[in-house]
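Each remark here refers to the structure printed beneath this line.
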Amino acid sequence: MTSNTDLLRRSLDAVWHPCSQMKHYERFPLVPIARGEGVWLYDCNGKRYLDTVSSWWVNLFGHCNPRINAAIADQLGRLEHVMLAGFTHEPVVQLSERLGALAPAGLGHCFYGSDGASATEIALKMSAHYWRNRGQADKTRFISLKNSYHGETLGALSVTDVALFRDAYGALITQQAVVPSPDGRNAEAGESAEAYALRCAEQLELHLQQHHAQLAAFIIEPLVQGAAGMAMYHPVYLRRARELCAQYEVHLIADEIAVGMGRTGTMFACEQASIVPDFLLISKGITGGYLPLSIVMTSDPVYQAFYADETARGFLHSHSYTGNPLACRAALATLDIFAEDDVLRANRDKTRELNRLAAPLREHPKVKHFRNTGMIWAFEVESPHVDFAQRCFMLALEHELLLRPMGKTVYFMPPYVIDAAEMQLLVARTLKIIETLT
Ligand SMILES: *Cc1c(COP(=O)(O)O)cnc(C)c1O
């Protein structure tokens with residue numbers, strides 16, 4: 001049996017961890033995880049942590065979910081992988097058909113990638129290539145929202161407005177323009193979130209008026225800008241963005257990598273604005289948090305612009321594991337659970353229950369901007385500690401919680417299988433932690 005300390009030492013020797021300054025692990029050690037079950041993760045000594053961040057926003061139905069496990073095991077006995085160029089298989093076809101039926105109408109073509117950032121890359125390439133195929137080769141620029149996050153490969157970073165992730169690579173990136181974010185926290189005193197969103201949409205319109213001839217697409221995180229600190233905004237912004245993009249002939253790319261798969265209360269966040277984007281990006285929760293997979297869904301007009309005799313007019317992007325059957329089966333099992341358990345309805349009850357339980361948090365004098373969309377909750381904590389995020393993370397571990405604040409923003413994004421007792425524990429212990437840190 002591996003011990004916690006042994007695992008930590010070997011990890012620091014051999015593994016370069018993501019999103020980390022490795023030296024910081026001297027003060028804030030890694031958390032060794034030996035196994036998971038439901039919302040809980042366990043270390044080598046059996047100490048447990050409630051996974052309130054769904055393991056970086058990917059897990060939907062708990063760790064080691066028996067139904068997803070069974071689907072992957074069944075697929076393992078049939079076909080682990082085959083290349084998708086020139087070949088096809090039942091899981092990828094079924095998944096594409098089912099997503100086509102679930103997504104906003106008209107997005108019937110699925111292109112497969114390996115992770116969120118690659119879905120962003122695919123959408124940017126497909127958009128610009130579409131305009132080129134249509135004889136508008138000048139449309140090569142993109143816009144995103146202030147504080148946007150769309151992944152960390154070079155193309156994705158070009159539409160990601162997080163200086164910390166981007167600045168070291170500035171020379172390698174074609175920086176794209178940003179437009180104001182409708183983030184409801186920035187509304188003026190007395191201004192509604194809706195009015196503020198409409199005001200931001202006017203700025204978008206000005207930008208489109210001036211630059212549409214060079215613009216291929218506007219990429220946006222619908223309803224919640226996750227990495228910006230769970231910035232939530234009014235759906236009217238999406239409706240205006242859809243109208244304006246259509247008017248100025250600029251694609252709308254909905255990055256639902258974090259907010260898709262029921263996270264905002266509907267299967268896709270775009271539904272809450274009744275819009276159909278030109279590209280819909282799915283990843284993270286699609287496999288229930290089991291295997292890397294992403295999907296770019298798009299419309300028939302986009303697809304038709306590539307359909308021709310010449311090879312070069314086609315979309316030649318590929319990666320080795322495109323449409324991996326194991327990942328597709330995990331995704332199909334995930335969709336089965338949504339249907340069989342009427343998950344969206346069950347989540348509405350859970351949202352109501354957690355909002356009720358969280359009243360003391362919402363009313364806490366050091367808690368600001370308490371907000372909720374579907375199965376995402378967030379609030380800012382007025383704490384004197386500059387290293388609040390790390391202190392909160394460490395203290396939470398002592399209270400059996402895996403909390404990963406972004407700056408002074410604490411958020412809950414739990415797996416959908418969280419039950420009432422676990423929600424109660426989550427709120428009670430978070431309150432204790434906040435008492436200690438304020
Ligand atoms: C996580 C995320 C990505 C990137 O996905 P990866 O799988 O981490 O590359 C892109 N967009 C949004 C909105 C995300 O939350």
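When a ligand or atom number is given, it counts from 1 through the structure's own listing order.
- When the side chain to side chain donor-acceptor pair (under 3.5 Å) test is applied to H319, no partner is found at least two apart in sequence or on another chain.
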Only distances under 3.5 Å count here; give the side-chain donor-acceptor pairs of residues 179-188 to other protein atoms, sequence neighbours excluded, each with its distance to 0.1 Å.
unit_1, atom_1, unit_2, atom_2, d
S181, OG, D183, N, 3.1
S181, OG, Q225, OE1, 2.6
D183, OD1, R185, N, 3.0
D183, OD1, R185, NE, 3.2
D183, OD2, R185, NE, 3.2
D183, OD2, R185, NH2, 2.8
R185, NH1, E380, OE2, 2.9

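- For Y290 (side chain) and N65 (main-chain N/O), a donor-acceptor pair under 3.5 Å exists by modelled atom type.
- Q175 is linked by a side chain to side chain donor-acceptor pair (under 3.5 Å) to R166, counting only residues two or more places apart in sequence or in another chain.
- Pocket lining of ligand 1, defined as residues with a non-hydrogen atom under 4.0 Å away: W57, D115, G116, A117, Y149, H150, G151, E221, D255, I257, A258, K284.
- D74 has a carboxylate O that lies under 4.0 Å from a charged side-chain N of R78, or vice versa, which qualifies the two as a salt bridge.
- Centroid-to-centroid, the aromatic rings of F379 and H369 stay 6.0 Å apart or farther.
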